[in-house]
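Quick caveat: nothing in here was measured; it's all calculated off a predicted structure.
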Amino acid sequence: MSVIELTTNRLKLRLFQEEEAEHVAALCNNYAIYRSTLTMPYPYTVDDALLWMKNHQENIEQDKRYELAVTCRKSGMLYGAIMLNPNYQHKHGEIAYWIGEPYWGKGYGTEALRAMIDFAFTEKALHRVYARYFKSNPASGRVMEKAGMTKEGVLKDHVYKEGAFEDLVYYGMVNPTCTV
């Protein structure tokens, strides 16, 4: 069984535990989070959380996707989630994340994103990473900028959600040490 754990000054990024499903549901059953994510359902239930977590371990073992809990390094409190979806053919990976609303504005998203970027570059030897956000959620763009990513472009009216079109803003970063 593959175990992955990333640590920062304040955070531990680790596999979700089934017993956290209720806490995940409590954080994700939030209209503001639903509104700024591509695929998260709303309302969000414990069953949604269990279904989402079901294949995390297998995906890691198969080196397909890394979906990790963003937690407090000291207390273990769950703050959110972060995911790396590597594409080895093209040597890049997409990173996505969410942080529960009670923990917004504390730098947890930036800290987790930096840790995942480092993992993508050092452990997975990816050439570049990218992330995207709805233009209506500029705070997510600030997280990306603080983590060292730069704006690469905007896909106009790319997503249709709740009766309106949404621009997707793309940020990226090239591995400064990658030579291949």
Verdict with supporting geometry, Phe134 and Val169, side chain to side chain contact (heavy atoms under 4.5 Å, CB included): CA-CA 6 Å; Phe134 289 170; Val169 183; over 6 Å; no
Residue pair Asn30 / Tyr42, side-chain donor-acceptor N/O under 3.5 Å: no
Minimum side-chain heavy-atom gap Tyr170-Tyr133 below 4.5 Å: no
Closest non-hydrogen atom pair, Thr71 against Gly76: CB-O, 3.8 Å
Greater than 12 external heavy atoms within 6.0 Å of Lys135's NZ: no
Residues Tyr88, Asp63; criterion side-chain hydrogen bond (donor to acceptor under 3.5 Å, both in side chains); working and verdict: CA-CA 10 Å; Tyr88 295 111; Asp63 199 23; 2.7 Å; yes
Side-chain donor or acceptor of Asn59 paired with backbone N/O of Arg65 under 3.5 Å: no
Side-chain ion pair, Glu20 and Arg14, N-O less than 4.0 Å: yes
Any donor-acceptor N/O pair, Asn87 side chain to His90 backbone, under 3.5 Å: yes
Val24/Tyr44 under side chain to side chain contact (heavy atoms under 4.5 Å, CB included): CA gap, chis, key distance, verdict: CA-CA 9 Å; Val24 169; Tyr44 195 98; 4.0 Å; yes
Listed partners of Arg73 passing side chain to side chain donor-acceptor pair (under 3.5 Å), at least two apart: none
Salt bridge present between Lys151 and Glu145 (N-O < 4.0 angstrom): no
Gln17, CD: over 12 other non-hydrogen atoms inside 6.0 angstrom: yes
Glu166 versus Tyr160, side-chain donor and acceptor atoms under 3.5 Å: no
Pair Lys124, Tyr66: side-chain N/O donor-acceptor within cut-off below 3.5 Å: yes
Tyr108 vs Arg10, side chain to side chain contact (heavy atoms under 4.5 Å, CB included): CA-CA, chis, key distance, verdict: CA-CA 8 Å; Tyr108 299 138; Arg10 300 181 298 161; 3.3 Å; yes
Residue among Val129, Thr150, Leu113 satisfying side-chain contact (heavy atoms from CB on, under 4.5 Å) with Met173: Val129
Test: Glu152 and Arg128 ion pair at under 4.0 Å: yes
Side chain Trp98, main chain Cys28, donor-acceptor under 3.5 Å: no
Side-chain donor-acceptor pair present, Asn85, Glu94, cut-off under 3.5 Å: no
Minimum side-chain heavy-atom gap His92-Tyr130 below 4.5 Å: yes
Over 12 foreign heavy atoms within 6.0 Å of NZ, Lys161: yes
Separation between NE2 of His127 and OG1 of Thr177, rounded to the nearest 0.5 Å: 10.5 Å
Side-chain donor or acceptor of His23 paired with backbone N/O of Glu19 under 3.5 Å: no
Crowding at CD, Glu18 (>12 non-hydrogen neighbours, <6.0 Å): no
Minimum side-chain heavy-atom gap Leu27-Tyr79 below 4.5 Å: no
Stepwise side chain to side chain contact (heavy atoms under 4.5 Å, CB included) check, Phe119 with Leu13: CA-CA 11 Å; Phe119 173 75; Leu13 282 55; over 6 Å; no
Side chain to side chain, Leu68 and Ile60, heavy atoms closer than 4.5 Å: yes
